[in-house]
Student: 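First the structure, then my questions, so here it is.
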Amino acid sequence: RTFVTQVVTSTGKEQGDVGTDTTANAPSLVAHVLKMACQGACVLGDRSLEQPLQALVDSDQDGEVRSIARKAIDVLKGKK
């Protein structure tokens, strides 16, 4: 989450509407990126991604991100 937040908020420094809109929507953009990353982990099927997913389950501030990360772990473990 920290890295993604840094990337998204750095875009907020652009001039004009792009920067303003990005800054205003940063929390939802970060959550969206993390949810897509969880889905990507499922597609890759790489069990080495379980630990970063578990970190999201344990501590991410967004409940939906935590839920999707938990489901991704289940998929990687073959529980679907």
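Because the structure is a prediction, the values reported are computed rather than measured. The chain is numbered in sequence order, starting from 1.
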Student: Show me the pairs that pass side chain to side chain donor-acceptor pair (under 3.5 Å) and involve residues 49-58, at least two apart or across chains.
Tutor: R47-E50, Q54-D58, Q54-R70

Student: So, for L76 and A41, which heavy atoms are closest and what is the spacing to 0.1 Å?
Tutor: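 Heavy atoms of L76 and A41 come nearest at CD2-O, 3.5 Å.
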
Student: With respect to V30, which candidate in T2, T5, D60 satisfies the side chain to side chain contact (heavy atoms under 4.5 Å, CB included) definition?
Tutor: T5

Student: Would a distance-only check, ignoring hydrogens and angles, find a side-chain to backbone donor-acceptor pair under 3.5 Å from S67 to G63?
Tutor: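 It does not hold such a pair.
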
Student: Which is it for L56 and R66 under the side-chain contact (heavy atoms from CB on, under 4.5 Å) test, yes or no, and what are the steps along the way?
Tutor: CA-CA 6 Å; L56 290 174; R66 290 191 308 270; 5.9 Å; no

Student: Return the minimal non-hydrogen interatomic distance between P52 and S48, and the atom names on each side.
Tutor: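 Smallest interatomic distance, heavy atoms only, reads CD-O, 3.7 Å.
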
Student: Could you measure the distance from the CG atom of L49 to the CD1 atom of I73? Nearest 0.5 Å is fine.
Tutor: 10.0 Å

Student: Could you check whether any side-chain heavy atom of V4 comes within less than 4.5 Å of a side-chain heavy atom of L29, counting everything from C-beta outward?
Tutor: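 Sidechains of L29 and V4: no contact.
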
Student: If I take atom CG from residue D62 and atom OG from residue S28, how far apart are they, to the nearest 0.5 angstrom?
Tutor: 9.5 Å

Student: Search all heavy atoms of A31 against all heavy atoms of V65 and return the closest pair with its distance.
Tutor: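 Reported closest heavy-atom pair: O-CG2, 3.8 Å.
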
Student: Considering non-hydrogen atoms only, spot the tightest contact between C38 and A72 and give its length.
Tutor: O-CB, 3.8 Å

